[in-house]
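Below is one structure, written out as structure tokens; comments come after it.
In the text below, chain A, chain B and the rest are named by the order of the sequence lines, each starting its count at 1.
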2 protein chains.
Amino acid sequence: MKKEIITLKKLAQILELSTSTVSRALNDHQDISEATRKRVKNLAQSMHYVPNIFARGFRKHKTNIIGVIVPNITHYFTTTIVRGILEEAKLKGYRVIISESNNDTAKQTEMLNTMIQFGVDGILVSLTKMTKDIDTVLQTLNKCPLILFDKVSNKIPCTQVTINDEEAAYSAIEHLINIGKKRIAIIKEREFSYTSEKRYAGYLKALKDHNIEIDEKIIISVDDISTQQGKRMTNHLLSIKKKPDAIFAITDSSAVGVIQTLKKFNIKIPEEIAVVGFSNSRFSTIIEPNLTTVDQPGETIGKNAVKYLIEEIENTTDTISNKMIEIKGTLIIRDSTFKV
Amino acid sequence: MKKEIITLKKLAQILELSTSTVSRALNDHQDISEATRKRVKNLAQSMHYVPNIFARGFRKHKTNIIGVIVPNITHYFTTTIVRGILEEAKLKGYRVIISESNNDTAKQTEMLNTMIQFGVDGILVSLTKMTKDIDTVLQTLNKCPLILFDKVSNKIPCTQVTINDEEAAYSAIEHLINIGKKRIAIIKEREFSYTSEKRYAGYLKALKDHNIEIDEKIIISVDDISTQQGKRMTNHLLSIKKKPDAIFAITDSSAVGVIQTLKKFNIKIPEEIAVVGFSNSRFSTIIEPNLTTVDQPGETIGKNAVKYLIEEIENTTDTISNKMIEIKGTLIIRDSTFKV
DNA sequence: TATTTTTATGCAAACGTTTGCGGGAACGTT
DNA sequence: AACGTTCCCGCAAACGTTTGCATAAAAATA
């Protein structure tokens with residue numbers, strides 16, 4: 001079952017060199033002659049030598065592992081980000097360990113701790129909903145390079161990678177206006193959600209820029225933005241006197257709820273009420289009518305996140321950078337808003 | 001930026017004990033007195049001591065990391081398994097590193113190699129589609145505990161965790177028969193897919209048991225079971241003389257394609273043609289009519305997979321076990337097959 | 001009291017790698 | 001000939017933990 005394991009020492013023995021020379025040769029250290037470097041590398045290759053990661057990590061205090069924490073690994077958008085992370089990390093020679101916080105702040109801090117204990121070189125985190133525990137994040141911030149992605153927070157001074165939520169939302173609303181909608185409702189999350197707030201800002205700005213009245217009655221906030229809530233809130237929106245002629249659901253899954261209940265009441269989409277979501281998730285082309293939504297290039301986000309993280313890891317100066325990276329999302333127009 | 005790091009030695013110094021005693025106390029070694037054990041543990045706790053994983057792994061040749069390889073991390077069902085894996089692993093004190101093979105056999109073997117080089121304690125793999133490279137898997141099999149889940153293969157002698165595909169498919173078909181269907185088509189993958197073959201077997205058995213003729217013309221095999229293919233194949237099925245009155249799509253995403261094209265031709269579902277899928281993915285309640293499908297408890301699969309893996313890791317004897325674990329999936333009946 | 005046994009602890013080596021330092025050989029410079 | 005450089009390479013220590021072995025103290029036995 002066990003294969004004999006070859007070490008630097010063994011190589012050195014065979015080559016009649018010291019382990020240090022062998023080590024240096026393998027690491028392309030400058031004061032090793034070309035001749036011996038070749039000799040060493042050849043033998044190493046032919047004997048399938050692989051350095052013992054743990055000895056090395058132990059010695060160099062570097063693990064080449066980055067930790068990732070996401071609220072819910074089950075979300076399609078999250079998985080596309082993860083895919084990007086995995087790909088880029090692999091490219092750069094890093095391994096990735098993933099944890100799921102389940103939107104539980106306590107779990108999140110625990111994971112943060114476990115990870116730095118474990119000795120990851122850096123951490124990528126997408127925050128839980130109610131991240132009032134900024135403290136733990138701040139703490140880990142000066143123990144270990146950390147950058148935020150997707151669910152970020154402006155209260156944490158570190159680099160963050162997101163969609164250009166505000167602009168994307170702006171263009172979505174502008175599109176609704178362009179097709180003639182004048183009373184546009186929004187279903188968003190409460191204040192705790194940075195992403196939601198950004199999209200909300202885009203909503204407000206678009207309305208203002210087009211001189212459309214802002215009516216609090218059709219600005220709906222929910223704690224948990226789900227299909228269920230989408231349904232409930234549309235029911236509510238349909239019960240008020242001046243019904244909206246469009247609904248911007250901050251999220252595809254809630255948009256699904258919106259569409260489903262509109263259909264239940266035989267309301268024509270988009271003629272009577274248009275709907276737009278956000279994410280371009282799988283179901284946007286399955287629900288009928290197909291959902292207008294903004295596509296978020298998850299892989300790009302993931303790749304950028306690790307790119308900046310590794311930059312920070314390998315940057316020896318102790319300054320924590322805090323760039324704000326915005327990846328462009330693009331509006332995809334489908335039947336739920338088509339101009340009739 | 002760097003916090004002082006506390007080691008066994010420091011603890012020992014403070015406590016005026018030797019490092020060995022401290023180490024043993026922390027590890028609940030038997031010949032440490034209760035008193036000092038307490039003393040040590042208390043201090044360790046209050047000083048937030050955490051063992052250096054790399055020193056330990058280096059010393060003990062144990063990493064407490066398990067590797068996971070999946071073909072596509074983007075599939076909802078896969079993510080539910082991953083969730084189960086993460087949860088169970090955390091519970092048992094293991095960390096998880098994940099890689100995505102993208103259904104690329106070469107990548108898969110590369111990942112297998114990287115992982116054992118890296119020193120994971122065990123590997124969990126869901127095979128790529130065309131796994132003709134059984135060899136690499138077999139090789140890693142005697143370097144490192146490995147168990148298969150979801151996409152498995154009977155050609156690899158190790159323990160495997162899957163859905164009870166055959167029985168589940170059987171019950172799905174039986175359900176179709178019960179609602180009066182007599183000409184049931186199946187859209188499946190080609191022979192390379194173990195899972196698909198199992199479901200196909202269930203299909204055949206159900207038909208046989210109910211004395212229904214088996215017609216090759218409505219047994220469709222495709223290379224890549226997707227929504228696209230679902231559409232194409234329904235088009236094909238609708239073109240033959242004796243049309244089916246039900247379609248069993250081996251997979252939800254292909255079932256979506258089936259339903260979409262049936263609707264395009266205004267064929268009544270389920271009256272004219274009933275549809276059943278497999279997976280209970282998100283879209284089964286979004287597509288209309290809602291899809292009858294079999295629910296696969298992904299988390300349970302994930303948990304079981306790590307359970308058996310850890311069992312094997314911690315089992316000192318060198319025998320490779322090869323249990324076949326089947327987790328029960330359950331048929332969920334929705335509108336796409338409702339008896340009228 | 002003398003002895004063995006038990007209990008609790010310390011010593012020191014080992015794991016495989018990297019790296020600061022030191023030094024011999026070869027070469028070039030005065 | 002004496003000196004300074006440059007080029008290669010080896011020695012040995014260090015990283016933090018675990019663990020076999022030794023041993024002192026305490027307890028039990030004779």
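Look at B:Y49 and you won't find any side-chain N or O under 4.0 angstrom from OP1 or OP2 of D:dG16.
Under the 3.5 Å distance criterion, the side-chain polar atoms of A:T114 are matched with a main-chain donor or acceptor of A:E110. Listed for the B:Q108 side chain is a donor-acceptor partner under 3.5 Å among the backbone atoms of B:T128. With hydrogens and angles disregarded, a donor-acceptor distance shorter than 3.5 Å links the side chain of B:D121 to the backbone of B:N64. Within the 3.5 Å criterion, the main-chain N or O of A:I65 finds a donor-acceptor partner in the side chain of A:T63. At distances below 3.5 Å, at least one donor-acceptor pair connects side-chain atoms of A:N113 with backbone N or O atoms of A:T109.
Rounded to whole Å, atom P of C:dC15 lies 16 Å from atom CD1 of A:I6. Atom CD in B:Q13 sits about 14 Å away from atom C1' in D:dG16, given to the nearest Å. Spacing between atom NZ of B:K60 and atom C1' of C:dC15 amounts to 13 Å, rounded to whole angstrom units. The interatomic distance linking A:L26 (CG) with C:dT17 (C1') rounds to 11 Å, in whole Å. What separates CG of A:L8 from P of C:dT19 is a distance of 12 Å, to the nearest Å. Atom P of nucleotide D:dG16 and atom CD1 of B:I53 are separated by 14 Å, given to the nearest angstrom.
A salt bridge between A:E88 and A:K92 is present, with a side-chain N of the basic residue lying under 4.0 Å from a carboxylate O of the acidic one. Ionic pairing of B:K323 and B:E312 is not present here: no N-O contact between side-chain nitrogen and carboxylate oxygen is shorter than 4.0 angstrom. Looking at A:K41 and A:D28, a side-chain N of the basic residue comes within less than 4.0 Å of a carboxylate O on the acidic one, giving a salt bridge.
With sequence neighbours excluded, the residues satisfying ring pair (Phe, Tyr, Trp, His ring centres under 6.0 Å) with A:F54 are B:F54.
Taking a centre distance below 5.5 Å and an interplanar angle below 30 degrees as the stacking criterion, B:F58 stacks against the six-membered base ring of C:dC15.
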Look for any protein N or O under 3.5 Å of an N or O in nucleotides 7-14 of chain C and output each such pair with its distance, or none.
residue: C:dT9; atom: OP2; partner: B:S33; partner atom: N; Å: 3.2
residue: C:dT9; atom: OP2; partner: B:S33; partner atom: OG; Å: 3.2
residue: C:dT9; atom: OP2; partner: B:T36; partner atom: OG1; Å: 3.0
residue: C:dG10; atom: OP2; partner: B:S18; partner atom: N; Å: 2.8
residue: C:dG10; atom: OP2; partner: B:S18; partner atom: OG; Å: 3.1
residue: C:dG10; atom: OP2; partner: B:T21; partner atom: OG1; Å: 2.5
residue: C:dG10; atom: O6; partner: B:R24; partner atom: NH2; Å: 2.6
residue: C:dC11; atom: N4; partner: B:S20; partner atom: OG; Å: 2.9
residue: C:dA14; atom: N3; partner: B:R59; partner atom: NH1; Å: 3.2

Measure all distances between protein nitrogen or oxygen atoms and nitrogen or oxygen atoms of nucleotides 23-26 of chain D, and list the pairs falling under 3.5 Å.
none

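Nucleic acid contact for A:S23: base, since at least one base atom lies under 4.0 Å from a heavy atom of the residue.
In terms of position along DNA chain D, the nucleotide closest to A:A55 lies nearer the 5' end than the nucleotide closest to the other residue of the pair A:A55 and B:R56.
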